[in-house]
Structures are given as structure tokens and as C-alpha cells.
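Have a look at the structure below before the remarks.
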Amino acid sequence: MRARRARASCALAAIGVAATLVACAPAAPLLAGARTTPARRGDVLVGGAVRAPVGALRRGEQPGAAESELLALAGRGGVVPVAVARVGIGRALDIGLTVAGSGASIATRLTVPLDANAAGALLFGVAPGVRWAGPEGLDGVGLGADVFALISRSVSGIYEAWAGLHAGLLAASARGTRPGAEPLEASALGVRAGAVVGLSLGLKTLTGMLELAADYEHYAGEIGGRRASVRGLSLTPAFALRVRL
């Protein structure tokens, strides 16, 4: 039984990785739930997310090509598939792989109960990750990490709610050659910070999850020798079906 569960988890994670190769938007939902995965249990989540840049973070709102290409390197908007696999490695600790669009991260999370019944809890985590993106004709990669702190509530294991703050860093670079042009290099450094809120409903083995994150993002960098910087707000609604193994 355990072997079948492990194979199923690996298969779903592989599907998520494959989906990453054909998606471009680096949406990064937490899909946290009320607490960490129980020890010696596994969670598999399959769903989707939308990275929706607002106002100044939209490429069409930029005054020049350098700013538009900087956003292409930092991350486009769009709809992406999401796959998550988590394993409980202690009473209050888990580790998980999240693949969403053109990004992937590995999160370590810790639950701190707030009452004797563990109905309320604090959930802390750190998630280093990688994303693939770049201006047209260039191959780019970004490395970064997110940290988050959430407060959550679970009611009879059927209803879950969570809300809190998260922040992240991103360092990205790209290079390539466009037709009829000299080799081109690009780099970007970005920060983001925002709030997240989520709800879930279901049984212990099968749960539907909804989440919304709102982030302020700032990126600065250089595209082919041209300096550029952009800042603004992005929204990331996400949904998933969670299966507990």
C-alpha cells in the first residue's frame, strides 16, 4: 500500500514538472492549509493559479522596451497548472515540492499550536525555488526564496482557514542572440511582499482549497546595457484539490 502511494505521489509530481515546461507564468501559490501534513502521511495537491499583474506591472503599461523586457525576465502573467507533493516528517514539520507554471520550490514548514485542541495554529515556512523565464529569444533562469507566517483555524477537520504575510527575493539572468543582433545579456533583482488568505472545505482525505495572494513587487536590472526598474501590484488567485494519502 505504501509503495503504491509513493508511486502515485511521484507520478503526480512528474506531471507537474512536465506542465512547467510548457507554461510561462511563475505563479507561486502557498496553498497552505491550516497546518502541516501529519507525520508519516502524504498530501498531493493538483490545481491551478493565475498570476495577474496590475497596473504598472503589466508589460503593456511600460514606457519603453527595457522595462517590458525586464518584466519578461522577472515573470509574465498568465494561467498555470499547479502540483504539490508534501510529506510529514514530524508531529509539526513537513517538507514539500511545489511546481507552478515556470517555477518550482521546496518548502519546509512548521506548525505551532495555539490551543490544547490544536484548532488554532501558527504556520511558518521557508521555500527556496527556481523559475525559468526571459525576454523573447533569450534563455533565462531565476533563483530566489520566500518566507511566510500564517495564522490558521481548523473546525472539526472539515473547514480550514488561514491568513498571513509572506515575502520573497529573486535574482534572475538571461542571455542569448536574436536574429541580426549581437549577443544580449540581461539581469534582474526583485523583491516582493504581501498578504495571503485561504479557505478549504472537505473531508480529511479529500479537500477543496481556495487561496488569494496580493503582493507589491519591485524589480530593477539591466537589459543589453539599458537600465530599467518597475514596481507595482500583482494578484495570485489559486485553487487545488488535496488528497491525503
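Not measured: the values here are computed from a predicted model.
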Give me the atom names and distance for the closest heavy-atom approach of [X] to [Y].
X	Y	result
A28	T236	N-CG2, 4.4 Å
S152	G33	CB-O, 4.5 Å
L184	G224	CD1-CA, 3.0 Å
L70	A228	CD2-O, 3.6 Å
R226	A65	NH1-CB, 3.8 Å
A66	I223	O-CG1, 3.8 Å

Quiz item: Checking T111 side chain against T36 main chain: does a donor-acceptor pair fall under 3.5 Å?
Solution: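 Indeed, once roles are kept as given, a pair shorter than 3.5 Å links the two residues.
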Self-check item: Flag, side chain of E160 to backbone of S200, donor-acceptor distance under 3.5 Å
Solution: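 No; zero donor-acceptor contacts below 3.5 Å.
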Exercise. Could I get the full list of salt bridge (charged side-chain N to carboxylate O under 4.0 Å, His left out) partners for R153, not counting sequence neighbours?
Key: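 R153 satisfies salt bridge (charged side-chain N to carboxylate O under 4.0 Å, His left out) with D115 once adjacent residues are dropped.
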Quiz item: salt bridge (charged side-chain N to carboxylate O under 4.0 Å, His left out) with R86: which residues, sequence neighbours excluded?
Solution: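 Salt bridge (charged side-chain N to carboxylate O under 4.0 Å, His left out) check on R86 returns nothing, list empty.
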Do [X] and [Y] have side chains that approach each other closer than 4.5 Å (heavy atoms only, starting at C-beta)?
X	Y	value
L30	F148	yes
V46	L241	no
L170	Y219	yes
H166	D215	yes
L45	V82	no
F239	P29	no

Hphob cluster co-occupancy, [X] + [Y], side-chain heavy atoms under 4.5 angstrom:
X	Y	answer
L210	V50	no
V196	L212	no
L203	V243	no

Using the test side-chain hydrogen bond (donor to acceptor under 3.5 Å, both in side chains), find all partners of [X] that sit at least two apart in sequence or belong to another chain.
X	result
R244	D43
R227	none
T207	R242
E67	none

Suppose we screen for side-chain contact (heavy atoms from CB on, under 4.5 Å). Which residues come up paired with [X], at least two apart in sequence or across chains?
X	answer
L114	L122, I151
L199	A161
L93	I89, T108, L110

Quiz item: When rounded to the nearest 0.5 angstrom, what distance separates NE2 in H218 from CG in L57?
Solution: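 Rounded to the nearest 0.5 Å, the NE2-CG separation comes out at 10.0 Å.
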Practice problem: Working to the nearest 0.5 Å, report the span between CZ of R175 and OG of S187. | Solution: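 Nearest 0.5 Å value for the CZ-OG distance: 10.5 Å.
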Please give the remaining members of the hydrophobic cluster of [X], linking ILVMFWY side chains under 4.5 Å, ordered by chain and number.
X	result
Y159	V155, I158, L201
Y216	none
V191	L169

Quiz item: Hey, are R41 and D94 close enough for a salt bridge, meaning a charged N less than 4.0 Å from a carboxylate O?
Solution: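 Answer for the salt bridge query: no.
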